[in-house]
Amino acid sequence: MRKKYNVVQKLLSLVNTRYNVIERKFEEVSHFIEDLDIIKDVPKDIDEQEKIKTIMDLSTDKYQAIINLLVPENEVDMIKILNASRDLSQLGVDLAPNQQEALKELIDRIETKRNRLLRMIQTREKDVESLNGCQELMGELEKLKTEGFVDNELLERVFKFVNASLEDRDSYYTQVLNFNNERFIELSKTSDKTIENSTDENKEETPQEEINNKIEEEKEAPKEEIKEAPKEEEPIFIPLTVDKIETTNNDTNQIEEPKEEEEQEQENANKINEEKLKEILNKYHYDIANLSSASLEKLLNGDIAKIEEVFKAITKNDLNFLIEKKENSSFLTLCLLRANPELIDRTCEYFKKHGICNEEYIKSYKSLFFEPSYEKDDDSEKEVNRKNNNKISSSSNDTKSEKVVGRGKDFFENIDILKTLGYEDDDELIKNNIKVLTTEHKKLLRNIKALQLYEYPIGSDTFPLSALSSARIMELTDKFIELGEEQYILRYASRLTAYVDGEVERIYALKKRELPYRTRYGNDEKLLSYVTNLKLPCGLTEEEIKKIVPRDSEALLRGNKYSALLDKYLPCSIHEETLEDPIIKRIDETYMVSKWQYKFNGVVISRKKLLRNYEFFKNTDLLSNDEKDPSQILLVSAIDKSFLNMEEIRKVNDAVTEKIKVGGNDGIFKR
Amino acid sequence: MEFLKDNGFTEEEIKAIVDKYDDSDIDLFLFNKDNVLEVITYLKEYGIKDIPRLLLERMDIFFLPAKRVAELFSKYEKESVIASLAYDATMFDEMI
């Protein structure tokens, strides 16, 4: 007798589970629309400058809402810059470069957010549409609880709503049919009894033998007949109240496996998904046996509609190796769950043009199928953290292996920017420069800007493309300049890519001891192998090198606010105004040895380093006017990242301070 | 980065790689782990001795399909490729 309640309860659970899922998605969509509403005032189809102007013209509330939406609270500096930008803009003051940069970053975030929201809304459209039908169905199921009326049409709608596969339907029809028979017998024998009584084990009145026979008969009947059978039955009245459902549910738990309701629901939901998934895999001739249990589990929790979309894109673009080869099952699973079909289309179309739309290149360029993750990455900040904390264990990085890296958008933007630099969009470019082309576009732009500032011959035959994705370009170049090796690094920019920690220190120490560090290699001049291969002995022990290379400036600036700002923002602009600045003019006149170097009382400092740092400090809103003490910022601008001892630092300090005193404070740093 | 240990890299060598490259590079490197492993296998078979150093200096090589690396190497004498890369990993730029 208890089984009948179980059947109805299972149906209700199914609908409830589905309803909750859809309702959650519906709620999400409402949030997405609200978010979209916040950024709608910045139109999509206008250029960057117009967007900046539009943002500046927004009311304070709207401006603040955008910042709240797109800039996390912990990005204090970014918020400060953005707020300052607006204040300055309202006063009619031109924006500083870092403010422009911050606004461009904000615009990037707006576009990323907009695209993401639209995509999310689109994928949920169907669910939203079905929500109304769902509510109606829930109403009828409520009626079922109170009036106890079940008919086949309602059951069909339940099945349709929960996306039950045919196999599930058969299973439920069988159960319902059993229930109908059971109920029929019960009603015919105990028409005056209430269900409440029937829940009592001692008052069990169903003739078990007869029921069992019926069930056996139905089991033997062909499925089609079973499916038809309920239609011939009279509508069944189930005098079931909410209270009784609860009671019977408890009873069910005693009889059946002691599973939690949620687990049961999940099991049912999974079962439905599995059938759907099997259908799709069969449709695309994918052998489910190729999937590991982990992959299968992930797919079962995935979005069935998306999985089908990705399959379509895979077959449309002839990426059959993904389907046919078992070894590609992990990559296929990842694609089915996370890839963007449009990016698959775009990548394949482009690769076909270059004759590389094959397994090797698709796998090497797999990040192109995915969109970037929406975590805010700030490499410069991480770089600083890494330097300050050298305890990045290998295990901590293993967690990253699960991270999906999407560079599809970056790749096409990178190709475009390389074309503007004179590189041809040819097969060789695509085949040989995967790392550069899949570098984050933002980082590539930053690197190009840095390389241009230091006059590297980008686009020339001697300039290696690999250098475009290097880290710490400016810091390394400054160090080579301060070693008097600027021509070497400009000629052999490959070292920017191949640079290893400790290399510059070796050059410094070898030079100091007048030991060789360079040699001819064919037509080239190369650093000796023991300079770049730290495993080789160079004539000096590591201890000796440590003693020779002075680190006082590093010690002096550790934890220094100014130096921390330079690490974070990596300034790389030198504008005409900076060169025309009276203090800089005086420093140039007295200490400039070449466009690369200053010599302050015999101490060589990279001129471009000092100028770009000085410009940043002069324009930043991150320092108050009181903090913009010229002697302070000039000193930090000069000695940051240099190998200097205290005596040399004093010499630099004396030199720059003298120029400030001579000229006085010209009001550049207004208080 | 455990998979590098399985391929003979020491903790120190792995740390040097992690310290040198941006997080975004390391993320991509890990995402392309299968490709990296194919290249490591190829380089070992080819006869490159100090693979950790090559990876430290030229991560970009490990992003290429192993077949492409083989194509590029095939233009030169094997001994010359091995010696050049052992001397200075920047020589790879001259092979492409």
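Numbers restart at 1 for each chain; the letters A, B, ... are given by sequence-line order, proteins then strands.
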Whatever's closer than 4.5 Å to a heavy atom in chain B on Y530(A) counts as neither

| query | Do D60(B) and S466(A) meet the criterion of a side-chain donor-acceptor pair at a distance under 3.5 Å? | reply | no

If one checks every heavy atom of R495(A) against chain B at 4.5 Å, the contacting part turns out to be both

Cationic N near anionic O, under 4.0 Å, K67(B) to E359(A):
no

From the list R472(A), K435(A), R407(A), salt bridge (Lys or Arg N to Asp or Glu O under 4.0 Å) partner of D25(B) resolves to K435(A)

Rounding to 0.5 Å, atoms CG (L64(B)) and OH (Y361(A)) come to a distance of 7.0 Å

Applying a strict 4.5 Å limit to non-hydrogen atoms, the region of S470(A) in contact with chain B is neither

### Message
Are more than 12 heavy atoms, taken from residues, nucleotides or ligands other than K49(B), located less than 6.0 Å from that residue's NZ atom?
### Response
no

I'd like to know whether CD of E424(A) has more than 12 heavy-atom contacts from other residues, nucleotides or ligands below 6.0 angstrom.
no

**Request:** Before accepting this row, confirm whether a basic side-chain N of the pair E503(A)/K20(B) lies closer than 4.0 Å to the acidic partner's carboxylate O.
**Result:** no

Bottom line for I61(B): the part with an atom under 4.5 Å from chain A's heavy atoms is neither

Assert top hit (heavy-atom pairs under 4.5 Å, partner chain A, pool F62(B), F63(B), F92(B)) equals F63(B)

Rounded to the nearest 0.5 angstrom, the OG-CE distance for S494(A) and M91(B) is 10.5 Å

Bottom line for L465(A): the part with an atom under 4.5 Å from chain B's heavy atoms is neither

Notebook entry, point to check: Are the side chains of P65(B) and N358(A) in touch, meaning some heavy atoms are under 4.5 Å apart?
Noted result: no

| request: Apply the test side-chain contact (heavy atoms from CB on, under 4.5 Å) to residues L28(B) and S367(A): give CA-CA distance (whole Å), side-chain angles for both, the deciding distance (0.1 Å), then the verdict. | output: CA-CA 8 Å; L28(B) 192 61; S367(A) 63; 3.7 Å; yes

Quiz item: cation-pi between K366(A) and F31(B), 6.0 Å / 45°: yes

Indicate yes or no: does K403(A) engage D23(B) in a salt bridge with an N to O separation below 4.0 Å. no

- Query: When you look at NZ of K409(A), are more than 12 heavy atoms from neighbouring residues, nucleotides or ligands closer to it than 6.0 Å?
  - Reply: no

Under 4.5 Å to a heavy atom of chain A? For E12(B) that would be neither

- Are side-chain heavy atoms of V405(A) and L30(B) found at a separation under 4.5 Å? no

One should read off an interatomic distance between Y499(A) OH and L56(B) CG, to the nearest 0.5 angstrom, of 10.5 Å

*asked:* Within the 4.5 Å heavy-atom criterion, are T497(A) and E57(B) side-chain neighbours or not?
replied: no

When rounded to the nearest 0.5 Å, the distance separating OG of S469(A) from CE of M59(B) is 9.5 Å

- Message: Pair D34(B), K363(A) - check salt bridge (Lys or Arg N to Asp or Glu O under 4.0 Å), show working.
- Response: CA-CA 9 Å; D34(B) 292 344; K363(A) 282 161 86 173; over 6 Å; no

Highest number of heavy-atom pairs under 4.5 Å with chain A among V36(B), L72(B), L54(B), T90(B) belongs to T90(B)

Looking only at N433(A), T532(A), D501(A), T439(A), most heavy-atom pairs under 4.5 Å shared with chain B are made by T532(A)

When every non-hydrogen atom of S364(A) is compared with those of N32(B), the smallest separation belongs to O-ND2, 3.8 Å

